[in-house]
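Taking it in order: structure first as structure tokens, then the write-up.
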There are 2 protein chains.
Amino acid sequence: MDKKEKIIDTALKLFVENGFHGTATSKIAQEAVVANGTLFNYFKTKDELVVAIYISVKEDMADFLIKNIKDSDNFKDVMKSQFLASLFWALNNQMKFKFIQQFHTSPYVDKIEQEVTQSQVLPHLKLIQTGIDKGLIKKLPVDFIYSIISSQTFGVYQYIISKQFTKVQQHETVEQTFELLWDMIK
Amino acid sequence: MDKKEKIIDTALKLFVENGFHGTATSKIAQEAVVANGTLFNYFKTKDELVVAIYISVKEDMADFLIKNIKDSDNFKDVMKSQFLASLFWALNNQMKFKFIQQFHTSPYVDKIEQEVTQSQVLPHLKLIQTGIDKGLIKKLPVDFIYSIISSQTFGVYQYIISKQFTKVQQHETVEQTFELLWDMIK
DNA sequence: ATTTTGATTGACTAATCAGTCGCAAATATA
DNA sequence: TATATTTGCGACTGATTAGTCAATCAAAAT
């Protein structure tokens, strides 16, 4: 197996479990069954590793969302498919989702260039803009609506995790939340 | 000035700036103009300090919210006053708010007893229950609605921070968001 | 068969860390 | 004033840390 990938996977797990600074590089190397020096061959510093994981995880999610855009001419359906896909991904990649949250609320966020982040939300902003142009959702700033939807996603995620829902219950809750959300912005 | 308070204030600032493990206890003591050992007189361990700050900050916020409950028989007004107060506090105590976020998405959350957290959200849950009983808001699980509102609060906060709004613009945005929220749950 | 190349290793280090401890100063009690 | 208690100090330590580097290895290229 690719050592770089192994290091990323192991580090992701340990970071989520013990925090960024709470995880020693030696521990990562040890658990990844790799020499200490190998880690630093692939990542010049520990910080570089953290940022690399963030980018990798974000790409992973972005790829999934792109693949799941419902190609319908019904705007609400398209919005819904994206909302469902986001939550589906989060619930099926809890460690990665937690990592993103941890990263976003940590001082590391400042170490990442705006462009990287911006390019990933752009498709979503465009989708929202389309809805506004068609008069299907309220005339509000696109990034305001995006902000609301994102945090709502996070909120439902937390709620679902806190309960021990079955897949069916999870799906019901997500559907229900989208309807609420839609009522709000339509 | 009270040394314990000075330590908490300094630690809060440094933790938000550099993360929990990224901040050395020696650095905290130094910046608080206090001896290294003094810090450990007040807090047995670094972890204890982190948790103490969390509790202190949470109390601070809870106190503010209690003081700002509008004593009206108009349910919507009461809800609104709480929503506005939450955001007002967050915007005027950004460091403390950031600390809470950082804490919530860190492995430290597990170190805090459920009871402490529960007692602080209870008044809000009760308020929501009242609204449901009176048939003023939708019949959904109270903690689900609480989840929705909380994440909405966080979302608007993030949005307002990302823009550089004047006080007036901030207020307008918050008011507007509450109306959206109300439309969603009513 | 020999050389070259690049990946991999793990012992090593200088720095930093959380936490200790014996003592001094300040404050309270008598 | 004398004594007791609390509060504060900072040099110290043993453990741990991120990061280095010269040596080794496997495999490909010559």
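Labels below follow one simple rule: chain letters A, B, ... track the order of the sequence lines, proteins then strands, and each chain is numbered from 1.
- Residue B/Asn41 is the one, among B/Asn41 and A/Asn41, whose nearest nucleotide of DNA chain D lies closer to the 5' end (criterion: closest heavy atom).
- Remark: P of C/dC21 and CZ of B/Phe40 are 13 Å apart, rounded to the nearest angstrom.
- One interatomic measurement links the two molecules: CG of B/Leu39 to C1' of C/dT20, which rounds to 13 Å at whole-angstrom precision.
- Counting heavy atoms from C-beta outward, A/Lys27 and A/Thr10 have side chains that stay 4.5 Å or more apart.
- In the set D/dA18, C/dG19, C/dG10, D/dA18 carries the atom at the smallest distance from any side-chain atom of A/Lys46.
- Distance B/Ile28 CD1 to D/dG8 P: 17 Å, rounded to the nearest Å.
- Here the NZ-CD distance, from A/Lys98 to A/Glu17, works out to 9.0 Å after rounding to the nearest 0.5 Å.
- Comparing A/Lys27 and B/Gly37 by the nucleotide of DNA chain D that holds the closest heavy atom to each, the one mapping nearer the 5' end is B/Gly37.
- Comparing D/dG19, C/dT9, D/dC9 by their nearest atom to the side chain of A/Val34 picks out C/dT9.
- The listed nucleotides are D/dG19, C/dT8, C/dC17; the one nearest the side chain of A/Thr38 is C/dT8.
- Atoms CZ (A/Phe43) and P (D/dG19) sit 13 Å apart, rounded to a whole Å.
- Rounded to whole Å, atom C1' of C/dA18 lies 17 Å from atom CZ of B/Phe20.
- Distance OH/A/Tyr42 to CD/A/Glu48: 14.0 Å, rounded to 0.5 Å.
- Nucleotide D/dT16 holds its P atom 15 Å from the CG atom of A/Asn18, rounded to whole Å.
- For the OP1/OP2 pair of C/dA7 and a distance below 4.0 Å, the side-chain nitrogens and oxygens of A/Tyr42 include no atom meeting the criterion.
- Rounded to a whole Å, the CD atom of A/Glu48 is 10 Å from the P atom of D/dG19.
- Of the charged side-chain nitrogens involved, at least one lies within less than 4.0 Å of a carboxylate oxygen, so that A/Glu179 and A/Lys76 count as a salt-bridged pair.
- Of the side-chain N and O atoms in B/Lys3, none sit less than 4.0 angstrom from OP1 or OP2 of D/dT6.
- Between B/Lys44 and the phosphate of C/dT20, there is no side-chain N or O to OP1/OP2 separation shorter than 4.0 Å.
- The one candidate from B/Asp183, B/Ile185, B/Leu140 that meets the side chain to side chain contact (heavy atoms under 4.5 Å, CB included) condition with A/Leu180 is B/Leu140.
- Atom CG in A/Asp2 sits roughly 12 Å away from atom C1' in C/dA7 (whole-Å rounding).
- Between the side chain of A/Asn36 and the base of C/dG10, no donor-acceptor pair of N or O atoms lies under 3.5 Å.
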